[in-house]
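Here's the structure we're looking at; comments come further down.
In what follows, residues are counted from 1 in the order of the sequence shown. Worth knowing before you read on, the calculation uses all heavy atoms, side chains too, and leaves out hydrogens, waters and symmetry mates. Every number for a ligand or one of its atoms is a count from 1 in the order of the listing.
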Amino acid sequence: MSEKKLGVNTICTHVGEIKDKQFKGAVSPMYLSSSYEFLDVDVKRYPRYFNTPNQEYLSKKIAALEGTETAMIFGSGMAAISHMFLAFLSKGDHLVVQNTLYGGTVNFIKEEFPKYGIEYTFTNGYEVKDFEAAIQSNTKLIHIETPSNPLLTITNIKAIAELAKSKGILTSIDNTFASPINQNPASYGIDMVMHSATKYFGGHSDICAGAVASSKEHMDRIWNVSKNLGGSLSDMTVWMLERSMKTLGLRVKAQTKSALKLAKWLNKHPKVSKVYYPGLKSHPEYKLAKAQMKGFGAMLSFELDKSLDSETFQKALKLIKSSMSLAGIESTVISPHLTSHALLTQEERNAVGISDQLIRFSVGIENLKDLKKDIEQAMNA
Ligand SMILES: *Cc1c(COP(=O)(O)O)cnc(C)c1O
């Protein structure tokens, strides 16, 4: 069967299964060997070569989901992003990077790039002209994040890919927030699609992992760096990740559906002054999101009315947890001004639109009526 023709839930369930030839078990066996035969074998396998059976086969599922030739799994999302950057950027090269970006990525660029002599420019905004303005003669890579954290801005993926191609520059995207269920950037010409697998891929808040999906040519370059840096994932966790990813499509579709309903409900709520969700017609990039995404995702943010204290509200929630991470099957909230943007001054936060009233909401799979009830009671607390 051609994998291209399979539906997304079939890919999630079956692509990259390892057949249990010995015992005919229903699921992939877990291969924990860190030592494999060296002589007379086609593939010299070793965990840090990213090619143990479980790593190799789960990569096929990720590649099939993103529609790329191949993929690689890493020990964390940051391992994926750092190995990817270091594979395509050397001393004297320049990175153009979107200004609204996951905090860990910002830290990596600011703290590590100077040590490698790699130059970078954060864009002034997320429109195509902002990226164009930041390009230099030594720019080798453009990195984007859409939808972005925490204000869910939408960057035009196809336009950025075309801009980069016209100048011989490679492109990468952090596709964590959308997941491959809602967005496939490789189909718009993006070269490297990166994920924190800690989020939707894992989906149960019990796995830390990362992934990059790309062409064989680009992945070979990443592999050449990764085998030296060594950010591979343990096969026990790879196996757990495979188990989790079987329900990725079901989970994300259910979460996305709930997020749209909650966004609409919150948008009309008298105690909410603003909702940020690309699926709302009032979102400035609603049309773009509709064109480039299959679903609007399960992350949204909202601003509580000034009459409410955002910390009191979060503490009063009973079902919804306050949590740093996101994308699990359980709903969670967080205050960006206390977490991802805590190191900025109040003025800097105001400039990027992060108010103290802002709540980022990762929508889980709970029943909508229970989530609404919980939010309602916390607002009245
Ligand atoms: C969590 C996250 C990362 C980093 O992933 P880790 O698995 O924590 O290393 C990168 N990008 C986004 C958008 C994330 O949410």
Side-chain angles (χ1 to χ4, degrees), residues 58 62 66 71-86 95 97-112 122 126 143-155 157 172-183 185 190 192-213 222 226 229-234 237-238 240-241 244-245 248 252 255 259 276 278 293 296-301 323-336 339-342 352 354 360-364:
L58 181 57
I62 295 169
E66 283 295 9
M72 252 170 89
I73 298 153
F74 297 85
S76 68
M78 282 315 301
I81 210 157
S82 56
H83 291 41
M84 179 178 80
F85 280 170
L86 294 176
L95 169 75
V97 60
Q98 186 169 326
N99 64 346
T100 44
L101 204 63
Y102 175 70
T105 312
V106 174
N107 292 342
F108 174 67
I109 292 168
K110 287 188 176 167
E111 291 171 20
E112 306 304 326
F122 284 94
Y126 52 89
H143 180 74
I144 62 172
E145 197 171 309
T146 178
S148 73
N149 179 28
L151 297 179
L152 290 304
T153 60
I154 303 294
T155 307
I157 301 173
S172 59
I173 186 170
D174 188 330
N175 204 30
T176 301
F177 266 37
S179 94
I181 307 306
N182 285 322
Q183 182 168 280
I190 295 289
M192 276 81 64
V193 182
M194 169 266 151
H195 286 276
S196 168
T198 312
K199 312 296 163 54
Y200 289 109
F201 283 20
H204 296 72
S205 309
D206 53 10
I207 287 174
C208 182
V212 177
I222 296 177
S226 302
L229 295 178
S232 55
L233 188 63
S234 106
T237 315
V238 172
M240 278 181 63
L241 189 56
S244 298
M245 287 190 69
L248 177 70
V252 172
Q255 288 168 270
Y276 300 88
M293 299 181 82
F296 299 107
M299 298 297 303
L300 62 95
S301 291
S323 153
M324 275 283 273
S325 201
L326 57 107
I329 50 167
E330 63 283 331
S331 293
T332 60
V333 290
I334 196 75
S335 277
T339 54
S340 57
H341 295 71
V352 288
I354 313 284
R360 189 191 71 191
F361 188 2
S362 170
V363 179

### Query
Atom OG in S82, atom CD in E112: separation rounded to 0.5 Å?
9.0 Å
### Query
Looking at S76, which atoms of ligand 1 are within less than 4.0 Å of one of its heavy atoms?
7 (O), 9 (O)
### Min N/O separation S196 to ligand 1 under 3.5 Å
yes
### Query
In terms of atom number and element, which parts of ligand 1 are under 4.0 angstrom from non-hydrogen atoms of A209?
7 (O)
### Message
As an exercise, state the distance from CE of M78 to OG1 of T198, rounded to the nearest 0.5 Å.
### Response
11.0 Å
### Query
Going by distance alone, is a donor N or O of one side chain under 3.5 Å from an acceptor N or O of the other, for Q98 and S148?
no
### Query
For ligand 1, which atoms have a heavy atom of E145 less than 4.0 angstrom away?
13 (C)
### Query
Between F85 and H143, what is the ring plane arrangement, given parallel below 30°, perpendicular above 60°, and tilted in between?
perpendicular
### Query
Within the distance-only criterion (no hydrogens, no angle test), does the side chain of Q255 pair as donor or acceptor with the backbone N or O of V363 below 3.5 angstrom?
yes
### Task
With side-chain contact (heavy atoms from CB on, under 4.5 Å) as the test, would you mind laying out the steps for Y102 and I81 before giving the verdict?
CA-CA 11 Å; Y102 175 70; I81 210 157; over 6 Å; no
### Query
Numbering the atoms of ligand 1 from 1, which are under 4.0 Å from a heavy atom of T198?
6 (P), 7 (O)
### Query
Among protein heavy atoms, which sits nearest to atom 6 (P) of ligand 1, and what does the distance come to when rounded to 0.1 Å?
G77 N, 3.4 Å
### Message
Test your reading of the model: is there a side-chain donor-acceptor pair from N175 to the backbone of Q183, 3.5 Å cut-off?
### Response
yes
### Query
Quick one: does C208 get an N or O within less than 3.5 Å of an N or O on ligand 1?
no
### Query
Can you tell me if T176 uses its side chain to pair, donor with acceptor, with the backbone of H195 under 3.5 Å?
no
### Message
Does ligand 1 come near enough to M78 that some N or O of the ligand is less than 3.5 Å from an N or O of the residue?
### Response
yes
#### Entry: Proximal ligand 1 atoms for K199, defined as those under 4.0 Å from one of its heavy atoms
1 (C), 2 (C), 3 (C), 14 (C), 15 (O)
### Task
Considering heavy atoms of the protein only, find what lies nearest to atom 3 (C) of ligand 1 and give residue, atom and distance to 0.1 Å.
Y102 CE2, 3.3 Å
### Message
Looking only at protein heavy atoms, which one is nearest to atom 11 (N) of ligand 1, and what is the separation?
### Response
D174 OD2, 2.6 Å
